[in-house]
A.B. asks: 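Provided herewith is a single structure, encoded as structure tokens, for subsequent inquiry.
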Amino acid sequence: MNVRVRYAPSPTGLQHIGGVRTALFGYFVARSTGGRFILRIEDTDRERSDEKSVQDIYDTFSWLGIQWDEGPDVGGDYGPYVQSERSDLYREYAQKLLDNGDAYYAYDTAEELITAREEQEGKGSGYDRRFRDMSEDEKATYHNRGIQPVVRFKVPLDGSTTFHDSVLGEVTWANEDVNPDPVLMKSDGYPTYHLANVVDDHLMEISHILRAQEWIPSAPLHVLIYRALGWEPPEFCHLPMVMGEDGKKLSKRHGATSLLEFRSAGYLPEAIINYVARLGWSYDDKREIFSKADLEQLFSLEKVNKAPAVFDYKKLEWLNGVYIRELSSDALFAAVLPFMQEAGFVSAPPAEDEARVLLGAIPLIQERLKYLKDAPILLGFLFGEPAAYGPEDLLPKKLSAEETLSILTAVKPLVGAVPGLSDEENEQKFRSMADEFDTKLGNLLMPIRIAITGSRVSPPLFGSIRLLGEESATERIEAAIQLLESQ
Ligand code: GLU
């Protein structure tokens, strides 16, 4: 079988974890089977679709490095790949259903018309099928009142519909539980999701429909439409829900959900791909780390779980750290650069000196960085003044202002000498100095750290001083001394 999988987003909002999971699973199924991955924009809901959401689809997947083989931007033999450009096709098949008696005109007035949206969301319309068996004469009176009809599908009143799902197995629905006679064509001449989706999946020769489990109630209806048009439905693969840790559907309340939010929070695309690929799929019960290239080979639908997946932000954070540590210095430099620029610490393009300092700082933060966004927080002091601090911040526990003052005065030349010595040599010198003051090394380093960085948490101190240079480092110690003296 020619595997052809599509991602069919409606551009009615930002790309979020659930949608991206569907897309990635589809992409990996296509890659691992030598099939094709297709992007189709389902913009039949004209009120809710917008250009910004379309752009977000492109931005999200280009950031993730996921490319489709066919789609609006790359073309293909089955286009157009945007539903609003395919209206004639939907009209043609709606007409076919009307001609065969599988669909009928309904002259629902505004209040009676249960919106296509509600039906699409699977809420069930409870529609009373009032026009289904109405005589043409009676319908004419509505027509004459100028009411634009919709086209509704005739769902069989009894019997049942069965489809095969790669994840759920055989699924059977009683037809009386199928959405009663949903709208196929709206009065504005646009199709609903149900008709457009079926027509396109058939014409685009889609082999597997991957989508979230919330679409299950639509599947029997779609199967009925396929059959009415004389077509074989594709294989369905309804993917498990993605939940927050409280067991409720993942949403804003749980944290970031839109992909570009994860990007601005400083996640690497590699970490997102790895994490999202594991939401409802596992290779075995041990392995956690999968590169995109691994998944392109190893992914298979047989290993998709039925049970809901839980989105664990902590685990994603851990994975992000794993991938940050795997980057080369140059790659991490490139990854943190936009964050440094956005924070105003580095110009665009970076000046020579800024680039040198930032590249030098990479080894200092690579081990500890959780998110790229933390880079300016950790490194800002190398590109501008240290964070503001008060005299009391300089005092180690149990040491007075006088004691701290004499420590800072004594270490000033040592700080100036740091860039010329190795870490070991520096440590030895500071240690003997601490002994002279009969205090712990930590008590000696703590006020220096504050003076240099403005923060108790910083990259390794000697490396930081080395990057800052003798002059600025000594000046900062001097400023701290003056602050204490002024008290
Ligand atoms: N346009 C639908 C959505 O955005 C696609 C559902 C499907 O894949 O059939 O969720």
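Just follow the structure's listing: the first ligand is 1, and inside any ligand the first atom is 1. Atom set for the values below is all heavy atoms of this structure, side chains included, hydrogens, waters and symmetry mates excluded.
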A.B. asks: Would you check if the distance from the ring center of Trp231 to the ring center of Tyr93 is below 6.0 Å?
C.D. replies: yes
A.B. asks: Which pairs of donor and acceptor atoms, one on a side chain in residues 369-378, lie under 3.5 Å apart (sequence neighbours left out)?
C.D. replies:
from: Tyr371; atom 1: OH; to: Glu317; atom 2: OE1; distance (Å): 2.4

A.B. asks: For ligand 1, which atoms have a heavy atom of Asn197 less than 4.0 angstrom away?
C.D. replies: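 Every atom of ligand 1 under 4.0 Å from some heavy atom of Asn197: 7 (C), 9 (O).
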A.B. asks: Is a side-chain N or O of Arg40 found less than 3.5 angstrom from the main chain of Val82, in a donor-acceptor match?
C.D. replies: no
A.B. asks: Near Glu42, which atoms of ligand 1 are under 4.0 Å from a heavy atom of that residue?
C.D. replies: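 Per the distance check, 1 (N), 2 (C), 5 (C).
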A.B. asks: Of all residues at least two apart in sequence or in a different chain, which pass the side-chain contact (heavy atoms from CB on, under 4.5 Å) check with Pro460?
C.D. replies: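 Result, side-chain contact (heavy atoms from CB on, under 4.5 Å) vs Pro460: Leu364, Arg368.
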A.B. asks: Under the 6.0 Å and 45° cation-pi test, does Arg278 pair with Tyr283?
C.D. replies: no
A.B. asks: Going by the atom numbers of ligand 1, which of them fall below 4.0 Å from some non-hydrogen atom of Trp215?
C.D. replies: 2 (C), 3 (C), 6 (C), 10 (O)
A.B. asks: Which of the numbered atoms in ligand 1 are under 4.0 angstrom from any heavy atom belonging to Tyr193?
C.D. replies: 2 (C), 5 (C), 6 (C), 7 (C), 9 (O)
A.B. asks: Would you check whether Pro9 has a nitrogen or oxygen atom less than 3.5 angstrom from a nitrogen or oxygen atom of ligand 1?
C.D. replies: no
